[in-house]
Each structure stands twice: as structure tokens, then as C-alpha cells.
There are 2 protein chains.
Amino acid sequence: MSQESSYSEGDLRNTGMRLKHDREWDYELDRIAEAIEERDADTVGLQFPEGLKRRAPRVADDIRELVAERDLTDDVRVLISGQPCYGACDLDTYLMKRSDVFVHFGHSPMKETDKVIYVPLFSNVDVLPIIDEALDELAPPAEHGSIGLVTTAQHMNRFDEMCETLSAEGYDVETRRGDDRLTHEGQVLGCNYASADVDAAQVLYVGGGKFHPLGLAMEHPDKRVVIADPVNNVVTVADTEKFVKQRYASVHKAMDAETWGVIFCTKIGQGRWEEADRILDDNDDAYLITLDEVTPDRLRNFDVDAFVNTGCPRITTDDGPRFHKPMLTPGEYDAAVGNKPLSDIGFDTFHGTW
Amino acid sequence: MSQESSYSEGDLRNTGMRLKHDREWDYELDRIAEAIEERDADTVGLQFPEGLKRRAPRVADDIRELVAERDLTDDVRVLISGQPCYGACDLDTYLMKRSDVFVHFGHSPMKETDKVIYVPLFSNVDVLPIIDEALDELAPPAEHGSIGLVTTAQHMNRFDEMCETLSAEGYDVETRRGDDRLTHEGQVLGCNYASADVDAAQVLYVGGGKFHPLGLAMEHPDKRVVIADPVNNVVTVADTEKFVKQRYASVHKAMDAETWGVIFCTKIGQGRWEEADRILDDNDDAYLITLDEVTPDRLRNFDVDAFVNTGCPRITTDDGPRFHKPMLTPGEYDAAVGNKPLSDIGFDTFHGTW
């Protein structure tokens with residue numbers, strides 16, 4: 001894990017470029033070609049998450065070649081989104097509106113719409129060896145008969161295999177599709193762990209990164225969360241202690257704040273107007289700031305004592321220390337101003353689509 | 001000028017925070033209040049340039065107080081744009097569409113529209129003392145009877161005084177409103193110097209920064225450009241040599257490029273689709289990348305050999321060295337690929353609105 005040292009804990013933004021296993025992706029070019037032909041498209045918009053942007057020129061070449069080979073349409077202009085992209089919450093709506101065919105790679109749909117072709121880019125990493133290893137960390141079926149199972153969109157293509165493996169070991173595998181923010185049964189997002197709301201004292205999380213299992217353990221403090229990371233070949237148990245301490249420290253720092261910047265994120269899947277509105281109603285010294293990318297540079301010129309971020313919780317918790325003033329989640333804001341006890345703060349989660 | 005050392009030459013983004021003179025601004029609150037009352041507004045959107053964002057909370061307070069005092073409307077929600085803003089080309093269209101009253105501070109209109117209240121925030125710095133000093137650098141009326149006069153939006157409120165002063169010295173002052181990208185006679189923008197297309201061998205530029213007079217001198221190589229900076233109290237003569245050398249170096253570096261990223265900026269006043277489209281037609285190894293903020297971080301994941309920026313020329317020339325690959329203007333691209341001789345490259349300018 002030493003190559004991760006320059007990244008903050010849970011920072012998933014660049015993991016795609018630092019994978020130990022080589023991976024091949026299925027860009028589903030045939031499905032894209034069909035849409036181009038059907039719509040007689042002049043423009044095709046492509047959006048990739050950060051770790052896959054370097055593949056964009058080659059995918060554009062492949063699409064142009066297919067169009068020419070199959071004579072699908074006269075000519076097609078491929079537009080690549082240069083906007084940062086960290087999830088299905090983060091559609092490039094500008095490019096979407098201006099493309100005849102718009103393809104979003106690397107995430108599963110947060111909401112189905114004819115306007116977007118979602119290409120999930122499932123991992124082809126074998127998950128069974130690491131599940132085998134994880135069995136040593138799990139309480140055996142004789143002790144806990146039930147086990148919850150969750151994974152990320154990337155590994156959803158192996159979900160049935162995962163279930164079967166655990167069943168074969170004698171577990172009752174408890175799974176569910178959390179809510180309508182999630183596409184699949186057993187899927188979790190960095191901001192939504194409702195798929196783990198199952199009747200089991202232990203949960204196996206299959207996937208990479210540190211943020212997802214941390215959120216999972218924070219959201220389900222009554223469950224033991226075992227992490228099987230098939231990409232880095234590591235099994236660990238989620239530990240929330242350090243995270244909780246960091247969050248308490250941020251809340252404490254913000255307790256003296258007289259003025260607050262309340263951030264409303266304008267990304268399509270990250271807007272929580274009710275939360276922002278509630279805080280503004282609660283506090284005359286709170287100022288509403290609207291923006292898409294929430295970065296330290298962009299907020300540096302705002303002269304307030306603390307910020308509350310109603311957008312992506314990963315920004316608040318992972319990037320928090322990089323901002324010039326304390327950055328809290330809405331729940332943490334309530335603790336800082338005394339609306340609720342500090343012990344009541346939990347993990348910030350999102351529900352619903354847009 | 002020593003406090004400017006950490007900024008690259010021509011970097012105007014933070015000058016508002018580093019001014020030697022104290023300045024008071026007229027936020028035109030009465031005009032905003034009238035619009036709130038007329039439209040019975042529920043939401044007021046405010047957009048400030050970077051250097052004035054720190055004033056946003058106080059302006060929001062003033063607006064809320066006025067609304068309450070004058071009982072203009074039941075209640076008003078003030079939304080402050082957190083998007084970076086460097087010009088009138090850079091309207092926060094998301095916030096504009098979602099506000100009953102939308103105010104853009106610090107720039108003059110690039111295009112008049114009922115949707116936007118432009119508050120120019122004229123400087124109250126006296127310009128006459130520095131014009132007096134500049135007379136020593138200008139050729140006297142006996143030698144050159146005509147003089148061109150240009151300034152930035154910030155000092156437009158003193159333009160008549162400037163003209164009168166020069167006339168009183170015996171000059172024929174030549175002024176014009178360049179084109180429809182500009183609001184005022186005699187106004188220049190970082191991307192448009194058409195107001196200096198006058199019949200005079202010397203031009204007096206009154207204003208701060210280094211980028212504007214540099215662009216002016218590049219765009220009008222036949223004229224001597226004298227710079228009277230009323231904020232820093234300095235008179236200089238524009239020198240393009242260093243700038244030209246830097247640009248030649250960038251073009252040389254890009255001459256070996258096999259693949260190109262062509263940037264189309266999605267900001268409302270920075271889109272030059274024809275330029276982008278022309279380059280894509282010209283080059284099969286050029287890939288179109290669409291984004292709003294053009295920053296080194298955002299382009300780092302794109303694996304091409306060089307970039308052409310069809311958006312703001314200041315980004316290309318001032319920030320150019322910070323990108324991981326050479327960053328050229330459209331004209332420089334043509335020189336790099338051999339479409340035209342290197343000696344033909346000029347300053348990249350914008351014309352028209354949106």
C-alpha cells in the first residue's frame with residue numbers, strides 16, 4: 001500500500017491509475033454505434049471518471065472508426081468532457097444537452113434516462129480468491145449464520161458469484177437494493193449504504209478504497225464490516241475510530257464560528273436544497289454559496305469562519321483539512337451550533353436521485 | 001511592485017486584494033432593491049470577481065436589511081456564486097437561471113440582457129496625477145499630434161476627464177468603441193483591443209495590470225503603448241519582447257506533437273466553436289475537450305502531446321507554463337503544425353458576444 005502514501009485516506013479519485021492488476025474494459029462500442037445510427041447523430045459526447053480520462057482519445061478513435069467502417073452516419077464529431085467527474089451524481093449536463101448521443105462511462109445509472117447511455121466498465125478482476133481469504137476474518141456460520149454482502153458498481157458483474165461462494169460456506173447471505181439512488185441489489189455508493197440495512201451482525205464489503213467501507217461502518221455501527229479488496233489483495237476490518245476523532249476535531253474548531261458559508265452544490269445529483277435552506281433559516285449569519293466543484297481554491301476568497309457542505313460528503317471528510325476554514329457536514333453543523341449533541345453526529349448520506 | 005513577485009506576469013486575478021489605494025465601491029444597492037420590489041423576488045443571485053468575493057457576505061447583509069427596512073418583499077434568499085469569475089464573459093448561467101434577480105459585479109456588460117443587472121464598481125482613484133506623469137513618456141503634440149486613449153471598465157467613469165486632460169495638452173485624442181464585445185468607447189478587455197484601432201502612432205493605456213497593455217502592444221505593433229497605472233502610480237512603456245520569446249518557445253515545444261487536445265470553453269462568452277471545429281477538420285489526431293474552467297489539474301489526466309485553447313487567451317499565455325503539455329492559442333497551433341509561418345503569430349483576441 002506504500003504507493004498510496006501521497007493520497008489522503010479514502011481518496012478514490014486516482015485509484016484507476018494505480019491498480020496492481022492490469023484490466024481490460026468493455027466500452028460497449030456496439031451499443032454506442034447503434035445509438036449513433038438510430039439517431040443519425042452528428043455529435044457524440046463522452047464523459048469519463050478521472051482515472052479513465054487518459055483512455056478518452058483512443059475510445060474516440062474507435063468510435064470514429066466504427067462510424068466510418070459501418071457507414072453509420074456521414075460524419076460524427078466526438079466531444080470529450082473535461083469536467084471533473086467522480087460519480088453518477090456528476091453528469092456533465094452541458095455536454096449532455098449538446099450531444100445527440102451522450103455516454104457516461106464508469107458508473108451505474110443513478111436514474112435511468114434516454115438522454116444518457118451508461119457504460120459501467122465492470123472490473124474483470126477475479127473476486128473469489130480474496131473472498132476465500134476474508135473467510136478467516138468473518139465469524140463462522142456456526143456463530144453468525146447471517147452475513148450482509150455489498151460491493152461497488154465496478155464489481156457488480158461478480159455479485160452472484162460472491163453470493164454463491166458465501167452460501168456454499170454455509171452463510172445465509174442477506175442482500176437488498178438500498179434505495180432508488182442505487183442501481184443494483186447489494187450496491188453501495190460513497191454517499192449511500194442503504195443496501196447494508198440487512199438483518200446480519202457482520203457485513204462483507206468487496207471492493208477497493210477506504211472511503212466506502214468507512215462510511216459503511218459509520219452508518220452501521222452495530223455491524224462488523226470486513227473489507228475484501230480484490231484489486232490490492234488485502235483483507236482488513238473497518239475501523240472508524242480515527243475518522244470519528246478527525247470529525248470531532250473539525251466540529252470543535254467550528255464551534256466558535258460566527259459566520260458560516262453554506263455550500264449548495266449545483267451538480268445534478270448532489271443538490272440538497274432542503275438542507276441548505278434549513279440551515280439558512282436557522283442562522284442569520286449563514287451565507288449561501290452555490291458552486292459545482294467544491295475546492296479549497298474556490299472558497300479561499302470567502303471570508304467566513306466555517307463552511308457547511310450540503311454536497312458530496314467525501315469532499316467534506318476527505319478534503320476537509322485542505323480548506324482554509326473548518327468544513328462540516330449538515331449534521332456536524334447542528335452539533336457545532338448546539339442544535340444536537342456531538343455524540344449524535346453520524347456519516348453524511350444521500351438519498352434519492354434528482 | 002515587490003508584493004507582486006509571487007504572481008506571474010499579467011496575472012490580474014487578485015489585484016483587487018493587493019491595491020495600494022483604499023477604495024470604496026458603489027454596489028448600487030438602490031437599483032438592486034428596485035428590481036427586487038418590481039419582480040417581487042424570492043431569490044437574488046450575486047456574482048463577484050475573485051478579488052471581491054470576500055465582500056459578498058456584507059453585500060448580502062445590506063440587501064437583506066434593505067428588503068426588511070423598506071418591506072420590499074416578504075423575504076428574500078440571497079445566493080452567492082462560488083464559481084470562479086474573471087470577466088463579463090464568465091456569467092454564472094446556472095445561478096442566473098435560478099435567480100429572480102441576478103447581479104453581476106465588477107464588469108461592464110458584454111451584452112445587455114434583462115436577466116442581468118451589471119454593477120460595474122468603478123474605481124474612485126484619481127487618474128489625473130498619473131496622466132500628468134505619463135506626459136513625459138509620450139511624444140509631445142508637436143511631434144505626434146494624435147494620441148489614442150484606452151482604459152479598462154474599472155476606470156471608464158473617468159474617461160471624459162482623461163480625454164480633456166490630453167486635449168488641454170494639445171493632443172488630438174482619438175477614441176472609438178472597438179466592437180460589440182465592448183460596452184464603452186475607449187474600453188479594452190484582456191481579449192479585445194479593437195478600441196485602439198485609431199489613427200495615432202502612440203496610445204495611452206490608463207489602468208493596472210500587465211496583461212492588457214501587453215495585448216494592446218502585441219495587437220498594435222505599429223504603435224508605441226505608454227502605460228499609466230493609477231493604482232500603483234507607475235508609468236511604463238509596453239515591451240513585448242519577453243512575451244514573444246515565451247510564445248515562440250511554447251510553439252517550438254509543440255512542433256513535435258502527434259496528438260492534440262482542442263479545448264472548447266463552455267463559459268457563455270468564451271466559446272469559439274468555429275475555431276475548434278476548424279482545427280478538428282484540419283487534424284485527425286486532434287481531440288475535442290469541453291470544459292468551463294481550464295486548469296492544469298483538469299487536463300493532467302488527458303494523455304495528448306499538446307493543447308490548443310480556443311477559450312480565454314489569458315489562460316493560454318499567463319497560465320501556459322503550469323500545464324503538463326504545451327498550451328497554444330489557435331494561431332500558434334497553425335504555426336506549430338506548419339499551416340503558417342511562425343512570424344505570423346499574433347495576440348489571440350475575441351470578437352462578438354454570444
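All values derive from a computational prediction rather than experimental measurement. By convention in this document, chain letters (A, B, ...) are assigned in the order of the sequence lines, proteins followed by strands, and residues within each chain are numbered from 1.
Only the side chain of Leu95(B) comes within contact range of chain A, judged by heavy atoms closer than 4.5 Å. Heavy atoms of Phe264(B) lying under 4.5 Å from chain A belong exclusively to its side chain.
With rounding to the nearest 0.5 angstrom, the CG atom of Asn301(B) is 7.0 Å from the NZ atom of Lys53(A). Atom CG of Leu46(B) is separated from atom CG of Leu288(A) by 10.5 Å, given to the nearest 0.5 angstrom. The OG1 atom of Thr266(B) sits 11.5 Å away from atom CG of Leu79(A), with the distance rounded to the nearest 0.5 Å.
Applying the salt bridge (Lys or Arg N to Asp or Glu O under 4.0 Å) rule to pairs touching residues 83-95 of chain B yields Asp90(B)-Lys267(B), sequence neighbours excluded.
Taking chain B as the reference chain and counting heavy-atom pairs below 4.5 Å, the highest number among Arg64(A), Arg77(A), Arg58(A), Arg98(A) is found for Arg77(A). Between chain B and the residues Asp285(A), Leu280(A), Asp303(A), the largest count of heavy-atom pairs under 4.5 Å involves Leu280(A).
By the 4.5 Å heavy-atom criterion applied to side chains, Val304(B) and Pro57(A) are counted as neighbours. Between Tyr287(A) and Asp61(B), some side-chain heavy-atom pair lies under the 4.5 Å cut-off. Annotation: side chain of Phe302(A) is in contact with side chain of Ile80(B) (closest heavy-atom distance under 4.5 Å).
The number of heavy atoms from other shown groups lying within 6.0 Å of CD (Glu258(A)) does not exceed 12.
Contacts from residues 290-300 of chain A to chain B, taken as heavy-atom pairs separated by less than 4.5 Å, involve Thr290(A), Leu291(A), Asp292(A), Glu293(A), Arg298(A) in sequence order.
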